[in-house]
Amino acid sequence: MNQEDRKEWMGLFARAPQGKVAALLANANLASEFEWLRKPEIGSVMLRGRAGAVGAPFNLGEMTVTRCSLRLPNGEVGHGYVQGRDKDAAQSAALADALLQTDAASDISQQILLPLRTAEFEKKKNRAEKAASTKVEFFTMARGED
């Protein structure tokens with residue numbers, strides 16, 4: 001596991017539809033014992049933006065997030081951050097994060113990450129197809145400048 005892989009799967013967990021990670025964990029029978037390092041807590045984070053993606057940063061607003069941290073019996077630590085006020089989703093994300101750092105990571109990747117990636121790809125593809133269907137091409141046959 002490297003940091004780029006972990007960054008990618010943490011993003012997948014954060015963007016997953018409500019209850020999806022928990023359902024995938026349950027279907028894969030991947031529930032595991034753990035101890036809390038930080039029980040799920042609800043707070044807010046400041047969103048920052050840049051005008052035109054190059055301007056000076058500015059505070060856009062706040063967003064509610066839920067976060068938690070846990071440790072598996074083998075010592076792996078998992079963190080979960082999700083948008084909104086969903087403590088179960090944060091716990092599921094943290095548990096999946098910790099499990100993906102164990103020796104069973106390849107199996108867990110197939111059972112959890114692959115379905116999340118597929119669903120996200122399909123959602124983006126459908127959105128792009130819907131946008132493409134509204135595209136209008138303008139073409140001028142002759143210009144009348146008389």
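Every side-chain contact (heavy atoms from CB on, under 4.5 Å) that K87 has, sequence neighbours left out, goes to P40, I42, T66. For D103, the side-chain contact (heavy atoms from CB on, under 4.5 Å) test picks out no residue, with sequence neighbours left out. Residues that satisfy the side-chain contact (heavy atoms from CB on, under 4.5 Å) test with A22, not counting sequence neighbours, are S92. The side-chain hydrogen bond (donor to acceptor under 3.5 Å, both in side chains) check on R48 picks up N59, with sequence neighbours excluded. Considering only residues two or more places apart in sequence or on other chains, R15 meets the side-chain contact (heavy atoms from CB on, under 4.5 Å) condition with L12, E120.
Few gaps surround CD on E129; more than 12 heavy atoms of other groups in view lie less than 6.0 Å from it. More than 12 heavy atoms of other residues, nucleotides or ligands sit less than 6.0 Å from atom CZ of R117. Around CD of Q18, the count of heavy atoms belonging to other residues, nucleotides or ligands within 6.0 Å does not exceed 12. Around atom CG of N126, more than 12 heavy atoms belonging to other residues, nucleotides or ligands sit under 6.0 Å away.
In this structure, the separation between CG on D5 and CE on M10 is 13.0 Å, given to the nearest 0.5 Å. Interatomic distance, CG of L99 versus OG1 of T102, reported as 5.5 Å (0.5 Å rounding).
Nearest heavy atom pair, residue A94 against residue L70, reads CB-CD2, 3.8 Å. C68 approaches K39 most closely through the heavy-atom pair CB-C, 3.9 Å. Across all non-hydrogen atoms, the minimal contact from A96 to F13 is CB-CZ, 3.5 Å. In plain terms, the two heavy atoms of E33 and P73 that are nearest each other are O-CD, 3.1 Å. Between V21 and A16, the shortest heavy-atom contact is CG2-CB, 3.9 Å.
The hydrophobic cluster containing V65 also includes V45, L47, F58, L60, M63, under a criterion of side-chain heavy atoms closer than 4.5 Å among ILVMFWY residues, counted directly or through chains of members.
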Problem set entry | Step-by-step side-chain contact (heavy atoms from CB on, under 4.5 Å) determination, W9 to I112 | CA-CA 10 Å; W9 78 55; I112 297 176; over 6 Å; no
For this session: Kindly indicate, with the supporting measurements, whether the criterion side-chain contact (heavy atoms from CB on, under 4.5 Å) is fulfilled by L113 and L100.
Result: CA-CA 10 Å; L113 296 182; L100 281 162; 4.0 Å; yes
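Checking side-chain atoms of R71 against main-chain N and O of E76 turns up no donor-acceptor pair under 3.5 Å. Q101 places a side-chain N or O within 3.5 Å of a backbone atom of D97 that can act as its donor or acceptor partner.
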